[in-house]
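A short worksheet on the structure shown next.
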Protein chains: 2
Amino acid sequence: MTRKRTTIKDVSVLAGVSVSTVSRVLNSSGPISEDTRKLVESAATQLKYQPNPLARGLVNQQLGGIGVMVPWIAGPYFGVFLEGIQRVLRETDYRLVVASGQGNRDNEQETLAYLLNNDADGVIYYGERLSAADLEQINPHMKPVVVMGQDPAELPNNIGIDDELGAYLATRYLIDHGHSEIAHISGDPHTHVTRSKLAGYQRALSQAGLPYRSGLVVSSNYTEPGGYQAALKLLAGPAFTAIFCGNDQMAMGSYQALRDFNKRIPEDVSMVGFDDILFSRYMHPALTTVRVPIYEMGMAAASTVLRLLDRTHQEVRSVLEPQLIVRHSVLNLKPTPP
Amino acid sequence: MTRKRTTIKDVSVLAGVSVSTVSRVLNSSGPISEDTRKLVESAATQLKYQPNPLARGLVNQQLGGIGVMVPWIAGPYFGVFLEGIQRVLRETDYRLVVASGQGNRDNEQETLAYLLNNDADGVIYYGERLSAADLEQINPHMKPVVVMGQDPAELPNNIGIDDELGAYLATRYLIDHGHSEIAHISGDPHTHVTRSKLAGYQRALSQAGLPYRSGLVVSSNYTEPGGYQAALKLLAGPAFTAIFCGNDQMAMGSYQALRDFNKRIPEDVSMVGFDDILFSRYMHPALTTVRVPIYEMGMAAASTVLRLLDRTHQEVRSVLEPQLIVRHSVLNLKPTPP
DNA sequence: ATGAAAGCGCTAACAG
DNA sequence: CTGTTAGCGCTTTCAT
């Protein structure tokens, strides 16, 4: 706030050249003699010159930010996602502008629109509430948008893992360990992730010749308290020996409910989660779960916007395969190990 | 990327006035007749005009962002902090630009400098690695900087809770429940938070006439694996019946270590944590801990930068008092309840 | 009360 | 290879 920052003009004066020459060497645009280049460069370093991003953006028509919209910034899942994004963005000149929609649709829409208008040259949207049409409407300039957590079939630039496969793996693992009454704590049935997981659960069941029993499936909301409530509901219904939980946070809540009802894990109830958040390994017993490479997904999402923004950006090779992480929350019901 | 966005010029043409008039009504600067005001306003709405923040910033000399530098974006503690910041920033036109230093000093310094130069009109720095002098050096324009997690005595605009008091409360609680061999898992002894907590621990001890025994204190790094290792070290030393843990994440790791050595919590070892992160209540047994109002601290930090930026901004009334949350990880050793 | 014009700092033709 | 000039979109004197 004190003295003016040094401008390109200052550099040009010190170097004894015109501003356009300075601009040329700084951006390596246009031809420059070796002598003047050095001259300018030393002048710039000497003055610690930093181009004004506003002026630059004004002429280049770019805001300079990548906007990210997640339901919550906090939380074990999205935090890691953001970290992945930041990891690739830090190699660029784009800044990371984050916003959270707090699970509110109007809020999401408004904030995303604001982001697109004021802050971002491209956005990453992790959520299900806004459809392709919604997004198009708030994005009149057709800036790159990558969407996470929606059906790849319906949206372009959608990044995700194969949730169906993950759920299949989880359920299959339970079946292989002799479980046949397998409950499922699910999410909002209107969303793609939830449906995919349900589908994977069902596929494993039917493949093993096990019936699908709707009384064993309860919807919740992917939070710890939600998982707690869901487990309570399950406990009041038909008997089961295992739960496949839609995410680890709900598994955490379920653990609590199970303990409150004196059910031992895994002796009385086995449990498999989804996501493999950091804390899963510290649960007691350590949670067997499906690992989702959320950090890598953040990197992939960021790389994708960057690539959409600039054809020369390298695509990051990212394995977006879910993988079962075996820990100690599943009891083997079979006499011989599978 | 397709058609140009509408500019103030477009609005002025539609309204049949000059651009300066439009600017005046939009910013309520200068006198305007009621008629032209309405005229301009309707033209603006009709065109869905959004001022270009770059052009605006260029003339007003403001970047438009509040930069936040935390060690990690992910994680149960800083995520909530960021959420608090976002909460107050969303009421303003400032964007939230986040960066993480990944625990690397040079990285922090460089990134913070970059933020100050390119993105932010003010920054919030949560960390201990950069001193007042370091900060001053990278902040030639004297932009507002609020610092978290350092000694309030040494830095202006420092926001924090009374860690010493929190630690005192925790240790005192243990003592009141009949514990006298109380171990402490600490952090980097060079940092202010860690020293404060240690001081609170010592004060409670000496106040109760209990000796301070250095063999019962081990330093770690505030992570889960760090807590695990620290507990292991403790287990190899003198006997103790309780641990006061520098934060909940290390408590989580300690739980694991204790279980690995067949120590029951709280029957064999009682535990008190610090922070009250979301997961603490889901630990088994639920962790008794010192609640740090980190969300509110985020809000307070943001309000403070805003106030520094603009004298008219209201200061948020925030209670930054630590508070003991009693759950089930402490065994009462006394015959009668305290 | 309103308009004309200068200028924020930078890039990109256009000349030379 | 380098300098001059015209904007980018907006705010703000300075006139009127």
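We name chains A, B, ... by the order of the sequence lines, and we start the count at 1 in each one.
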Please check if atom CG in B:Asp93 has more than 12 non-hydrogen atoms from other residues, nucleotides or ligands closer than 6.0 Å.
no
What pairs of residues pass the side chain to side chain donor-acceptor pair (under 3.5 Å) test when at least one of them lies in residues 48-58 of chain A, not counting sequence neighbours?
A:Asn27-A:Arg56
N/O to N/O distances under 3.5 Å, protein versus nucleotides 13-16 of chain C:
residue: C:dA13; atom: N6; partner: A:Arg24; partner atom: NH2; Å: 3.3

What is the distance, rounded to the nearest whole Å, between atom CG of A:Leu47 and atom C1' of C:dG9?
15 Å
Is a donor from one side chain sitting under 3.5 angstrom from an acceptor on the other, for B:Thr223 and B:Asn221?
yes
For the side chain of A:Pro31, counting heavy atoms from C-beta on, which of D:dC10, D:dC1, D:dT12 is nearest?
D:dC1
Can you figure out which of C:dA4, D:dC10, D:dC8 approaches the side chain of A:Leu58 most closely?
D:dC8
Does C:dT11 have its OP1 or OP2 closer than 4.0 Å to a side-chain nitrogen or oxygen of A:Asn27?
yes
Value in whole Å for how far the C1' atom of D:dG9 lies from CG of A:Asn60
14 Å
Rounded to the nearest angstrom, tell me the gap between atom CG in A:Leu39 and atom P in D:dG3.
10 Å
For A:Phe78, ring-ring contact (aromatic ring centres under 6.0 Å, His included) partners two or more places apart
A:Tyr126
Can you sort out the partners of A:Glu41 under side-chain contact (heavy atoms from CB on, under 4.5 Å), two or more places apart, ordered by chain and number?
A:Val25, A:Arg37
Does B:Ser33 reach a base, just sugar-phosphate, or nothing at all? Heavy atoms under 4.0 Å.
sugar-phosphate
Does B:Thr7 make a side-chain N or O approach to OP1 or OP2 of D:dG9 shorter than 4.0 Å?
no
Quick one: list whatever passes salt bridge (charged side-chain N to carboxylate O under 4.0 Å, His left out) with A:Arg129, sequence neighbours left out.
A:Glu108
Let me check the geometry of the helix from C:dA1-D:dT16 to C:dG16-D:dC1. What is the bend angle between the axes at its two ends, five pairs each, to 10°?
50°
A:Thr36 side chain N/O closer than 4.0 Å to the phosphate oxygens (OP1, OP2) of D:dT2?
yes
